[in-house]
Protein chains: 2
Amino acid sequence: MTESAQRDTARNAARKPARRPPGRRPGPTETREAILASARELFADKGYDGASLRAIARGAGVDPALVHHFFGNKEGVFIAAMQFPVDPGELLPKIFGTRREDLGETMVRIFLSVWEMPERRAPILAMLRSAMTNERAAVMMREFVSSALFARAAELHGIPLLRIQAAAGQMIGVMILRYVLEVEPIASSTPDEIVELLAPTIQRHLS
Amino acid sequence: MTESAQRDTARNAARKPARRPPGRRPGPTETREAILASARELFADKGYDGASLRAIARGAGVDPALVHHFFGNKEGVFIAAMQFPVDPGELLPKIFGTRREDLGETMVRIFLSVWEMPERRAPILAMLRSAMTNERAAVMMREFVSSALFARAAELHGIPLLRIQAAAGQMIGVMILRYVLEVEPIASSTPDEIVELLAPTIQRHLS
DNA sequence: ACTAGAACTCATCATGTGTTGAATTTATGT
DNA sequence: ACATAAATTCAACACATGATGAGTTCTAGT
């Protein structure tokens, strides 16, 4: 696939209006992806309500009406930008192939591997930030998290849901302190320090 | 002109516009408090950016300009509504008067005692929700949490900051799952169940 | 009793929002 | 080569937002 569409398309938006003439652009269509990239970045940064369609369009170097043309309305953009914040099918095998006594460390490392990479963290942050202030987004997240994550994780090792949610709460809370609020010293700790800090707790919850 | 006589009869008191005549109202001033109450509720519900000055004014049965008159601008309202989300001076003695071996349970119970009462939970939720999408609010929360909570708690029992933040993360994460996202079954668990679930973890972190 | 100032509303401004319809240019199927 | 469809911009709507300045009514200090 063509990598000509870089992921930092949203970065070069600080320029002038850059009035393009109307009408279809020559060459294959790449704007749809650019819009989605810009949307993901802005939703991750400001949440659903804070990210405006116009800012998303600006980030993609595109007219706001084009966003509307592709996705119908703002919620359409959000849904398109959010499809699988993280692919469970990719992570669950790792968990399944782990000895019970190593579950804690494995889980923490998986979590960190996602959160440490900005482009993987973005959709999750977008979801979380949006769910905090927007009821519809909260419903989406609740359903995704419940059915796609908790339920499967529970059936996997036969661990009660409450325990799993306690473990998830531990991870989510620390991620918020570390990546959103950025309080020290936890924001500057190394991944290994986080693992050392949390693995025993997660292990406890999942036993 | 002709309808002005019948306009402000006592008939339309239950209506929405509720047009009050301009000028100061008789009696002692109670509007300032009403505005703050409305502000706290709305900030807790929608976060800083989601709560509009007009909605706050409407909630207090007051003209938007009055909010401006009292607090200067929106940030002024927020700051006035937020002073001490929770009073540390009130809670720390409880913590201090607890045996080290009971610290875990005590902490969880204190957290729950705050979060279970809607009017005590409101300012914290407002802070949290706002900090998730608004940078200035995030700074406020980071500073409050760092200096007023973590630092004091650390010096109290000589526990490393990282440990305290791990414990705080556990509590914050579970509170989000329980009160914001409202995922089951943790949203419907009794306080005692939450204590049983989390106390050992908090105890571990703080040892 | 008088007056300075506080409380309070109104009308309005400039800006930003999501959304829509029409116009223009290019790509695609025949 | 032609017609249809897709991609793209422009102009505009209707509405919400935070902010101001001016005017009206009350309270409080003298």
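Naming: A, B, ... by sequence-line order, numbering from 1 per chain.
Between A:Tyr48 and A:Phe43, the ring planes are parallel. Angles under 30° get that label, and only those over 60° would be called perpendicular.
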Note, DNA chain C 5' to 3' with Watson-Crick or G-U pairs under 3.5 Å encoded as ( ), [ ], | and . gives ||||||||||||||||||||||||||||||
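Within the structure, a side-chain polar atom (N or O) of B:His69 is placed less than 4.0 Å from OP1 or OP2 of C:dA7. Look at B:Ser52 and you won't find any side-chain N or O under 4.0 angstrom from OP1 or OP2 of D:dA16.
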Run the numbers on A:Glu105 and A:Arg109 for salt bridge (Lys or Arg N to Asp or Glu O under 4.0 Å), then give the verdict. CA-CA 6 Å; A:Glu105 176 167 349; A:Arg109 290 206 183 276; 3.1 Å; yes
Start with the C-alpha distance between B:Glu116 and B:Arg178, add both sets of side-chain angles, then the distance that settles salt bridge (Lys or Arg N to Asp or Glu O under 4.0 Å), and finish with yes or no. CA-CA 11 Å; B:Glu116 281 290 311; B:Arg178 178 176 166 88; 2.8 Å; yes
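At the heavy-atom level, A:Arg32 lies nowhere under 4.0 Å from the strands shown.
Separating the CZ atom of A:Phe71 from the P atom of C:dT20 is a distance of 16 Å, rounded to the nearest angstrom. Atom C1' of nucleotide C:dC8 and atom CG of B:Leu53 are separated by 16 Å, given to the nearest angstrom. Distance CD1 (A:Ile56) to P (C:dT19): 11 Å, rounded to an integer number of Å. Put simply, CG on B:Leu66 is 9 Å from P on C:dA7, counting in whole angstrom units. Between A:Glu33 atom CD and D:dT8 atom P the separation is 13 Å, expressed in whole Å. Rounded to an integer number of Å, the gap from CZ of A:Phe70 to C1' of C:dT20 is 17 Å. The CZ atom of A:Arg58 sits 12 Å away from the C1' atom of C:dT15 (whole-angstrom rounding).
Heavy atoms from other residues, nucleotides or ligands lying under 6.0 Å from CD of B:Glu182 number more than 12.
Side-chain contact between A:Leu206 and A:Met107 is present, with at least one heavy-atom pair separated by less than 4.5 Å. Within the 4.5 Å cutoff, no side-chain heavy atoms of B:Pro64 are placed close to those of B:Leu53.
Each of D:dT9, C:dG18, C:dA7 was ranked by its minimum atom distance to the side chain of B:Thr31; first place goes to C:dA7. Checking C:dA7, D:dT8, C:dG18 against every side-chain atom of A:Arg54, the shortest atom distance belongs to C:dG18. Checking C:dT17, D:dG18, C:dT9 against every side-chain atom of B:Val62, the shortest atom distance belongs to C:dT9.
Mapping B:Glu30 and A:Asn73 onto DNA chain C by nearest heavy atom places B:Glu30 closer to the 5' end of the strand.
Formation of a donor-acceptor pair under 3.5 Å by the A:Ser189 side chain with backbone atoms of A:Pro185 is found in this model.
Residue A:Met82 holds its CE atom at 7.0 Å from OG of A:Ser130, rounded to the nearest 0.5 Å.
Here the closest heavy-atom approach between residue A:His205 and residue A:Ile159 is recorded as O-CG2, 4.4 Å.
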How does protein reach along nucleotides 20-30 of chain D, written 5' to 3' as B (base within reach of a heavy atom under 4.0 Å), S (only sugar-phosphate), or - (no contact)? BB--BBBS---
